[in-house]
Amino acid sequence: MSSTTSLPGFRDFYPDELARRAHIFRAWRAVARKYAFVEYDGPPLEPLELYTKKSGDEIVGQLYNFTDKGGREVALRPEMTPTFARMVGARANALRKPVRWFSIPQLFRYERAQRGRLREHFQLNVDIVGEASELADAELLAVAIDIMRELGLTSADVRARVSDRRLLNAILQAVGVAEAQVPAVYAVVDKIARQPREVSAEKLAQAGLAGPLVERVLALATGATFEQVRAEFGTDAGAAEHVARFARYRAHLDALGVGDWVDLDLSIVRGLAYYTGTVFELFDARGELRAICGGGRYDTLLKSLGGTDLPALGFGMGDVVLGELLKDRGLFPDAGEEAVDLHLVAGNGASQVGFPDALRLVTALRRAGFSVAHGLNAERYLSQATRNQVDSARKAGVTAAIAFREDGATEVTSLLGAMKGAPTLVLDTARALAGEDATMQDLRDWLHRQRAAARAATAAGAAPGPTTGSPNG
RNA sequence: GUGGAUGUAGCUCAGUCGGUUAGAGCAUCGGAUUGUGGUUCCGAGGGUCGCGGGUUCGAAUCCCGUCAUCCACCCCA
């Protein structure tokens with residue numbers, strides 16, 4: 001390739017790729033705002049200490065870090081939570097609770113890149129601070145699921161797997177796992193789906209669990225539904241409270257309209273880090289990709305980072321895996337939303353009107369709010385066949401061509417459907433040049449109708465499968 | 001960090017047993033008797049065959065190294 005490629009794991013966003021990214025961002029913002037979250041941001045470069053304090057020195061190997069010219073140890077942010085915790089902590093007393101904030105930071109990590117895992121990505125972070133009730137947990141998961149919906153995914157495409165560490169703890173104790181064995185059991189449970197059952201069993205045995213107990217734990221972590229858990233542990237002295245809370249959580253999810261996306265999965269542990277309560281991940285239902293989203297409750301983290309003692313919960317959702325899923329399912333819209341409205345082409349009357357007036361028309365249209373393109377070579381405007389000009393405008397995805405007729409009128413021709421008998425709109429050239437309100441409004445309405453008709457045609461024709469258009473889906 | 005697979009035009013890929021100037025389709029650009037047009041036709045640009053070394057009279061092709069990508073581990077904020 002060329003001598004100037006991007007760094008490994010970093011992406012160039014060409015216009016069609018940026019359009020996809022923008023599509024995802026739009027959905028993120030739209031849903032977050034719908035749930036009354038407000039957007040914030042912080043610096044992409046932070047003191048290295050911000051991350052070592054929380055995660056220890058081992059994390060440095062996975063960071064982009066360096067010493068700046070003032071001798072400070074700094075790192076590109078690998079996650080948003082420490083920044084968020086600092087910002088909330090600094091104004092904890094002044095902020096109205098619960099805090100409902102979201103952000104779309106670009107995050108960095110120094111790791112070998114793989115499918116769905118680059119060295120840079122954008123990640124929606126949604127957090128709630130100051131509410132310990134399970135209703136907050138339900139609200140948070142509803143945001144994540146509603147984003148899937150907003151992007152055209154269904155509960156057949158994406159599943160939410162939910163667990164609760166308090167519940168898992170209580171269940172493990174109820175079946176006889178000693179407290180000292182819990183961390184080891186967590187480590188096994190966390191990767192239970194990614195390694196053979198015998199390996200998990202072996203590791204549980206090594207952790208000191210007796211044979212029957214190993215089988216019990218494996219069964220619970222691999223297949224137990226909430227109904228089974230409730231039947232078995234709903235009256236257990238230690239677990240009843242947690243079963244009841246989870247039942248309320250599920251009821252809230254149902255009422256929020258996302259219950260059918262959610263499955264209990266006690267193997268969802270989310271690392272061993274800082275989660276204290278509910279934990280969840282969103283996966284594609286076919287299991288082909290990495291997790292789309294992960295989050296949960298971290299009630300002690302703010303305090304441990306030196307902030308105030310407030311309960312908190314949140315999730316992160318990256319653009320990479322989500323983008324791959326949308327691409328696989330053909331859910332990215334064709335470039336229509338950014339389409340240019342009009343492209344100036346010559347037409348039979350071009351030589352009578354003259355190029356300066358043609359440009360004046362373009363200017364009048366732009367002042368009226370239309371996006372208007374034209375060739376940037378004045379000689380070719382008159383020398384090149386109109387059909388070639390129209391053709392390139394059509395290929396560029398412009399909605400309509402605007403041309404001068406022999407009789408002096410200005411004609412707008414839709415480029416969206418079949419060219420034979422394409423809808424046209426005739427404008428009075430003088431009024432168009434003057435930017436007359438009524439004329440501009442006519443044009444606006446007409447363009448709107450053409451787009452609506454084209455969308456309807458696409459929807460009708462595209463029902464059985466992929467039809468016209470780009471292979472990028 | 002470990003192991004495996006793959007690198008040919010912007011994209012998808014041909015390229016025989018090692019053989020002379022590396023091809024196709026799509027895309028891009030220009031044009032087809034001053035123009036109403038998705039088609040068609042003609043033409044053009046675009047390559048250090050990932051990079052470096054080796055074997056050979058001769059390497060896209062065989063060997064070694066290296067880099068990148070993908071897959072599986074490790075790790076997961």
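Here is the naming used below: chain letters follow the sequence lines, and residue numbers restart at 1 for every chain.
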Starting the side chain at C-beta, find the nucleotide from [options] nearest to [X].
X	options	answer
A:Thr386	B:G35, B:U36, B:A77	B:G35
A:Gln62	B:A77, B:U36, B:G37	B:A77
A:Pro8	B:G30, B:U69, B:G35	B:U69
A:Gln384	B:G31, B:A77, B:U39	B:G31
A:Pro78	B:G35, B:A77, B:U28	B:A77

Quick one: label [X] by what it contacts on the DNA or RNA (base, sugar-phosphate, nothing), any heavy atom closer than 4.0 Å.
X	result
A:Asn348	base
A:Leu382	base
A:Ser351	nothing
A:Gln389	nothing
A:Gly9	sugar-phosphate
A:Arg380	sugar-phosphate
A:Glu411	base

Would you check if the side chain of [X] reaches a backbone N or O of [Y] as a donor-acceptor pair within less than 3.5 Å?
X	Y	result
A:Lys97	A:Ala92	yes
A:Arg119	A:Glu111	yes
A:Glu120	A:Arg11	yes

How far, in whole Å, is [M] from [N] if one measures between their [atom1] atoms?
N	M	atom1	value
B:U40	B:G4	P	49 Å
B:C74	B:U28	C1'	44 Å
B:G47	B:A60	C1'	11 Å
B:G52	B:U16	C1'	28 Å
B:U48	B:A22	P	12 Å
B:C29	B:C67	C1'	34 Å
B:C75	B:G18	P	45 Å
B:U8	B:C70	P	14 Å

Go nucleotide by nucleotide along RNA chain B from the 5' end; which of A:Leu118 and A:Leu416 gets its closest nucleotide reached first?
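Looking at RNA chain B, the more 5' nearest nucleotide goes with A:Leu416.
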If you assign each of A:Ala346 and A:Gln123 to its closest nucleotide in RNA chain B, which residue comes earlier from the 5' end?
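In this pair, the answer is A:Ala346.
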Give me each pair satisfying salt bridge (Lys or Arg N to Asp or Glu O under 4.0 Å) with a member in residues 350-361 of chain A, each pair once, sequence neighbours excluded.
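Qualifying pairs: A:Asp357-A:Arg360.
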Under the salt bridge (Lys or Arg N to Asp or Glu O under 4.0 Å) rule, what pairs show up with a residue in residues 340-355 of chain A, not counting sequence neighbours?
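Matches after skipping sequence neighbours: A:Asp341-A:Arg451.
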To the nearest angstrom, how far is [X] atom [atom1] from [N] atom [atom2]?
X	N	atom1	atom2	value
A:Asp391	B:G31	CG	P	12 Å
A:Leu63	B:C75	CG	C1'	13 Å
A:Leu7	B:C67	CG	P	15 Å
A:Asp16	B:A27	CG	C1'	13 Å
A:Asp190	B:C74	CG	P	11 Å
A:Arg290	B:C73	CZ	C1'	11 Å
A:Arg117	B:A68	CZ	C1'	19 Å
A:Met317	B:A77	CE	C1'	16 Å

Considering only residues two or more places apart or on different chains, which pairs with a residue in residues 388-413 of chain A satisfy ring pair (Phe, Tyr, Trp, His ring centres under 6.0 Å)?
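Counting only pairs at least two positions apart or across chains, no ring pair (Phe, Tyr, Trp, His ring centres under 6.0 Å) contact touches residues 388-413 of chain A.
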So, is [X] near the phosphate of [N], with a side-chain N or O under 4.0 Å from OP1 or OP2?
X	N	answer
A:Arg387	B:U36	yes
A:Arg270	B:A77	yes
A:Lys191	B:C76	no

Grab the two heavy atoms, one from [X] and one from [Y], that are nearest each other, plus how far apart they are.
X	Y	answer
A:Ile147	A:Trp28	CG2-CD1, 3.6 Å
A:Ile268	A:Glu281	CD1-OE1, 3.7 Å
A:Ile24	A:Leu322	CG2-CD2, 3.9 Å

Once you measure the plane-to-plane angle for A:Phe25 and A:Phe122, does it fall in the parallel (<30°), tilted (30-60°) or perpendicular (>60°) bin?
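The arrangement is perpendicular - the two ring planes meet at more than 60°.
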Each base of RNA chain B marked ( ) or [ ] if paired in-strand (Watson-Crick or G-U under 3.5 Å), | if paired to another strand and . if unpaired gives (((((((..((((.....[...)))).(((((.......))))).....(((((..]....))))))))))))....
Pair A:Arg77 + A:Glu46: basic N to acidic O under 4.0 Å:
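A salt bridge is absent here (no side-chain N lies under 4.0 Å from a carboxylate O).
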Nucleic acid contacts of residues 106-113 of chain A, taken as heavy-atom distances under 4.0 Å to RNA chain B
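Heavy-atom cutoff 4.0 Å gives A:Arg109, A:Glu111, A:Arg112, A:Ala113.
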Any residue meeting side-chain hydrogen bond (donor to acceptor under 3.5 Å, both in side chains) with A:Glu202, in chain and number order, not counting sequence neighbours:
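Only A:Gln206 meet the side-chain hydrogen bond (donor to acceptor under 3.5 Å, both in side chains) criterion with A:Glu202.
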